[in-house]
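Only one structure is covered here, and it is reproduced in the block below.
The chain is numbered in sequence order, starting from 1.
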Amino acid sequence: MLGSICGDILGSTYEFGIENQDIFLLHENDDMTDDSVLTCAVAEWLVEYGTLSGLGKGEHQYILARKFFDYTMRYPDKAYGLKYMDWILTYEERGTIPEPPDSLGNGCAMRVSPIAYAYKTLHEVEAYACLQAEVTHNNPEGIRGACAIAAATKMALDGRTKNEIKKYISSKYFYNLNQTIESIRSVKHEFSPTCPVTVPQALIAFLEGTDYESTILNAISIGGDCDTVAAMAGGIAYAYYKKIPDSLLTHCFSCMDKDIKALYHLFYATYPINI
C-alpha cells in the first residue's frame, strides 16, 4: 500500500510527460492521484473483509465495487480513466453495479499491491488480484496486468530474488522483461495508460533499481503514464526493500489527508511487514 501511494505521489508532477525536464523528486505540487485513491479502496476492503473466509467471490466483488464508488465520490477530481468514470457514473445513475467495460487499462493493476500483504500464498494473491480486477475490467490484458503486479509484489515481500521474480512473471504472464530502461526510453512513446505498455515498464523499473528511490526515478524516466508506472513499481520495491527514504516518506505523508494516514496505520497493524 505505502510503496504504491508514495510512488504515485512522487510521479504525479510528471504524469503527462517529462520532455525537456530534469527529473528530481519532491515537488510542491505533488499530490495523490486516482492510483492512490483506489489503492486505499482495496486496502480498506482488505482491512474490513479480507480475513473473512465465509464471503464468496460475488460478495467480495459487490463490496469492492462499493468501495471504489465511495472513494471516487470522496476524492472526485483525481484524473480517473474515462472508461472507469463511465462505470462510476452508470453506478451512480442506476444504483446497481454495472458490468465492467472491455478495458485493458492499468487501473486494476495500479491499485493491487495491498493484496500481496493479506494472503499467505502466491496462488491466493493472484486469485484475489483477478477478483478485484474483474469488478471494473473485462479484458484479459487488464486482468493479466493486475495479477502480474500482485504476484511480483508478493514474491518481493516473501524475499524472493529479482531473478526468481523475473523468471516467474516472464514465464507465467508472458511479459518481455529482457528490455532495459535505456532501451524503453530511447523509443518515443505516446501516452498509454494500458497494462500491455505500463506493466512491463514498472517491472523493469523495479528490476533495474537498486533501492526504492532509484526504482521510482527509473519509472519516471520512461515518460508516459509516469505516476502509475511509479505506483506499480513502487509497490513492488517497497515490498522488496522494506524501506522508503525518510525524506521521501515525510514528503509523501504531507500529501495525504488524515483519513488516508489513519488507513495506512490500520492496514499495517492488520497486515504487518516482517522485516
Output for pair (Met110 CE, Leu38 CG), nearest 0.5 Å, gives 4.5 Å

Output for pair (Lys162 NZ, Leu203 CG), nearest 0.5 Å, gives 11.5 Å

Side chain to side chain donor-acceptor pair (under 3.5 Å) pairs touching residues 244-255, sequence neighbours excluded, are Asp30-His251

Sequence neighbours excluded, the answer for side chain to side chain contact (heavy atoms under 4.5 Å, CB included) partners of Ala156 is Ile165, Ile236, Ala239, Tyr240

Going by heavy atoms in the side chains, are [X] and [Y] under 4.5 Å from each other?
X	Y	answer
Glu59	Tyr49	no
Gln132	Gln61	no
Asn178	Lys166	yes
Arg144	Tyr175	yes

Is the distance between the ring centroids of Tyr128 and His60 less than 6.0 Å? yes

Side chains of [X] and [Y]: is there a donor and an acceptor less than 3.5 Å apart?
X	Y	value
Thr33	Asp35	yes
Tyr173	Glu126	yes
Asp8	Ser36	yes

Please work out which of the three classes, parallel, tilted or perpendicular, describes the rings of Phe68 and Tyr84, given edges at 30° and 60°.
perpendicular

So the salt bridge (charged side-chain N to carboxylate O under 4.0 Å, His left out) pairs with at least one residue in residues 84-102 (sequence neighbours excluded) are none

